[in-house]
Structure formats: C-alpha cells, structure tokens
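Atom set for the values below is all heavy atoms of this structure, side chains included, hydrogens, waters and symmetry mates excluded. Proteins come first, then strands; the chains are lettered A, B, ... in the order of their sequence lines, and each starts at number 1. Just so it is clear, the structure is predicted and the values come from calculations on it, not from any experiment.
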Protein chains: 2
Amino acid sequence: MGRGKIEIKRIENANNRVVTFSKRRNGLVKKAKEITVLCDAKVALIIFASNGKMTDYCCPSMDLGAMLDQYQKLSGKKLWDTKHENLNNEIDRIKKENDSLQLELRHLKGEDIQSLNLKNLMAVEHAIEHGLDKARDHQMEFLMTKRRNVRENVGGGESATQFPAATTRDGYS
Amino acid sequence: MGRGKIEIKRIENANNRVVTFSKRRNGLVKKAKEITVLCDAKVALIIFASNGKMTDYCCPSMDLGAMLDQYQKLSGKKLWDTKHENLNNEIDRIKKENDSLQLELRHLKGEDIQSLNLKNLMAVEHAIEHGLDKARDHQMEFLMTKRRNVRENVGGGESATQFPAATTRDGYS
DNA sequence: TTATCTATGTATAAAAC
DNA sequence: TGTTTTATACATAGATA
C-alpha cells in the first residue's frame, strides 16, 4: 500500500513496526466506529501493542460486560467460569474447616460427645480441664488486681469480696 | 467511498445496511488480523450484527480470557466482578465466622483469655465446667457399659480389658 | 511519539447477477 | 443472502519534520 505493497508478515524494523501499529490501530478503531454507526452493529475491540499499551473501543449501545455475556452464550466458550470455580472451591474448603471447628467446639462444650470413643473423650476432658485451670488462674489474677486496687483506694471494699464461683468438683481422675 | 461518498450515519435502506455490514465486517476482521501479524499486536474483536449474529476474532498468541484479564488490570474496569463479588462476600463472611469460632475455641482451651473481661471469663468458665460435667458423665457411661460387658462375658477378662481402639482424630490439646 | 506529505494499494458503494 | 464488477474514496508505507 502507499508507497509500496507490503507482505503481511511481521515488520522487522522496530521503528517501522511501531509507526505502522500506531497508524493501523487508529484505522482499525475508526472502522469499528464506522460499522457501528452505519450498520447498527455492536463492536468490541481490544488492542494491545507489543509494548503492552492498550487501546479499546466498545460500541455505545452495549457495554463490554454485556457483549461478553452474549459472546459466551453464542460461542459456548467460558470466559470466567473457571474463576468462579476456584472461588467456589475456596468456599467449600472454608466451609469444611468451619464445620470441623464447630464440631470441636461442641465437643468442648460437652455436646455431641456420644460420637466420640473413650480415648478421644478423655482427650476432650483433658483439654477442658486445662482450659478450666487457665480460666480460673486468670480469674484469680483479676481478683488479686482488684483487691490490690481496693486496698490502695480510699473507700470500702465490698466489690472486693466478690469471689469466683469456682465450684471444684472431683470426678474420678 | 466507492461509487460515491457516504456519510457516517445509519444506513436507512435495510438491504444496503446489511450488505455494507457484511463487507465492512470482513474488512474489519482482515485489518485486525493484519495488524496482529505486521506489528506483533494482540487484538480481540467481537462484532454483533443487528440481527444478533456474532463474528469474533482473537489473536492466536493470547486467548480472550487472558486479554480480558489484562484489560481489567489496565483499564481498572470490572467485567465480571459483580458476579465474583457475591462469591467474595460469601468467602469473607465465612472467614469471619471461622475466625470467631477459632477464637471461641481458644478461649475454651484457656488460650488468649487475657483479652476477656471478668464477666466473659466467668461465662467461659461456666461453659467449660458444663462441658467437663458432660464429658465425665459420658466417660462414666462408657465404663459402666464396659464393666457390665465384662461381667456378662464367660471366659477370662483379658480381652475385655481392652479399651476402645481409638482411631484418632486430633486437635484436642 | 505524532503530524504531514504523496504515491499507491485497498476497501467498498452501488449495481447487477 | 453471497459474488462480481467498477469507479471512487480511503488507508497507509515511506519519508520527513
């Protein structure tokens, strides 16, 4: 074309290639706009230069998302379902983790323990005992702090008399 | 062009419009292919005729999905995120639920309880006590059953002393 | 880059099949 | 519809700024 016909193959001269790209890209977008107007067509066009820079055109009458929905319907090709699948898998994974946490939690609260065998049951018991110890230790710390505060305070100590419930049971252990 | 210049506005004659569409669509796709080859460009092109029929072209070096990923990155526009948003919200919701379960679990095990106030600490304690009661009740049942079985067995008790096998699920420590 | 300048090669409007 | 024909209008390669 122009000052000489060219073969349709990669333009080796980098400068020519870039210049030609720029011209033809403009031409392509222009043509896309024209067919849109002239023929009531819907056109979406995305162009990446070899340097990564992007140019795009989408007809005003339909947005790209709608175009792509239609594309998927008509072509049968999936564009984002693989992405959906990954998210769904993630959801499944977390839900399972969630379920097992819920179960463990119920066990520690003494619920659903009929499904446990003796060994697991004893493990649960020990976990609970350990937790109880720590909770009581902590309560005690709370109270000690409170009492010390009361002593250092001016007024009366009625709040300081409030001791933890701490009913100690002895099971068989 | 051709036998007469035309204005770039909708071609009112339906027949002309369709014929022109067909010609220009072919021209557009041809140009898209050419720039792809000549300039190392990546091009995606989707065209819908007013009758709904679709024509598309995508450069061989990148599939449409990848093109669109790149499009989203570079343009900042969301194509399918509304669809994804729901799934992502679901994931967030479950993750939060998960976190709160984990925290509750740690509390019941006596961990991280320094962050609790006295009232919550006592609530935890009561939950633990309740769980412990139930666990011990259940253990007791186990043993009673076992003892009864031993009594009812004919031979020597050595097989009867064998405690449940305990195929173990872990996590109670 | 982008714009302008030309000579050429292409695309295509209109018509007819 | 799709193709061919043909006259014109456009696009653009290469050079230059």
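Atom pair B/Arg3:CZ and D/dT5:C1' shows a separation of 7 Å (rounding to whole Å applied). Going from atom CG of B/Asn16 over to atom P of D/dG2 covers 15 Å, rounded to whole Å. If you measure from atom CG of B/Leu28 to atom C1' of C/dT12, you get 13 Å, rounded to the nearest angstrom. The distance between atom CD1 of A/Ile35 and atom P of C/dA13, rounded to the nearest whole Å, is 9 Å. Computed from coordinates, the A/Glu7 CD to C/dT10 C1' distance equals 17 Å when rounded to whole Å. Whole-Å rounding puts the B/Glu34 CD to C/dT10 C1' distance at 9 Å. Here the C1' atom of nucleotide D/dG14 and the CD1 atom of A/Ile11 are 11 Å apart, to the nearest Å. The distance between atom CD1 of B/Ile6 and atom P of C/dT12, rounded to the nearest whole Å, is 10 Å.
Taking the salt bridge (charged side-chain N to carboxylate O under 4.0 Å, His left out) definition, one finds that A/Arg93 meets it with A/Glu90, A/Glu97, sequence neighbours left out. Taking the side-chain hydrogen bond (donor to acceptor under 3.5 Å, both in side chains) definition, one finds that A/Tyr71 meets it with nothing, sequence neighbours left out. With sequence neighbours excluded, the residues satisfying side-chain contact (heavy atoms from CB on, under 4.5 Å) with A/Ala66 are A/Met62, A/Asp63. Partners of B/His84 under the side-chain hydrogen bond (donor to acceptor under 3.5 Å, both in side chains) rule, at least two apart in sequence or in another chain, are A/His84. B/Asp112 pairs by the side-chain hydrogen bond (donor to acceptor under 3.5 Å, both in side chains) definition with B/Arg106, not counting sequence neighbours. When the side-chain hydrogen bond (donor to acceptor under 3.5 Å, both in side chains) test is applied to B/Arg24, the partners found at least two apart in sequence or on another chain are A/Glu34. Under the rule for a side-chain contact (heavy atoms from CB on, under 4.5 Å), the partners of B/Val29 that lie at least two apart in sequence or sit in another chain are B/Lys33, B/Leu45, B/Ile47, B/Thr55, B/Tyr57. For A/Ser61, the side-chain contact (heavy atoms from CB on, under 4.5 Å) criterion is met by A/Lys42, A/Cys59, not counting sequence neighbours.
In plain terms, the two heavy atoms of B/Asn51 and B/Lys53 that are nearest each other are OD1-N, 2.8 Å.
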Would you list the atom pairs, donor with acceptor, under 3.5 Å between side chains in residues 11-22 of chain A and any protein atom, with sequence neighbours excluded?
unit_1  : atom_1 : unit_2  : atom_2 : d
A/Glu12 : OE1    : A/Arg10 : NE     : 3.4
A/Asn13 : OD1    : A/Asn15 : N      : 2.9
A/Asn13 : OD1    : A/Asn16 : N      : 2.8
A/Arg17 : NH1    : A/Ile11 : O      : 2.8
A/Arg17 : NH1    : A/Glu12 : O      : 3.4
A/Thr20 : OG1    : A/Asn16 : O      : 3.0
A/Ser22 : OG     : A/Arg25 : NH2    : 3.4

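Sorted by residue number, the members of residues 17-26 of chain B with any non-hydrogen atom under 4.0 Å from DNA chain C read B/Thr20, B/Lys23, B/Arg24. Within a heavy-atom distance below 4.0 Å of DNA chain D, no residue of residues 37-49 of chain B is found.
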**Message:** Once pairs are restricted to Watson-Crick or G-U wobble with both distances under 3.5 Å, how does DNA chain C read as a dot-bracket string, [ ] for crossings and | for other-strand pairs?
**Reply:** .||||||||||||||||
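One finds a side-chain N or O of A/Lys30 lying less than 4.0 angstrom from the OP1 or OP2 phosphate oxygen of D/dA11.
Of the two residues contacting DNA chain C, namely A/Lys53 and A/Lys31, the nearest-nucleotide position lying further toward the 5' end is that of A/Lys53.
Using a 4.5 Å heavy-atom threshold, the side chains of A/Leu64 and A/Ile46 count as touching.
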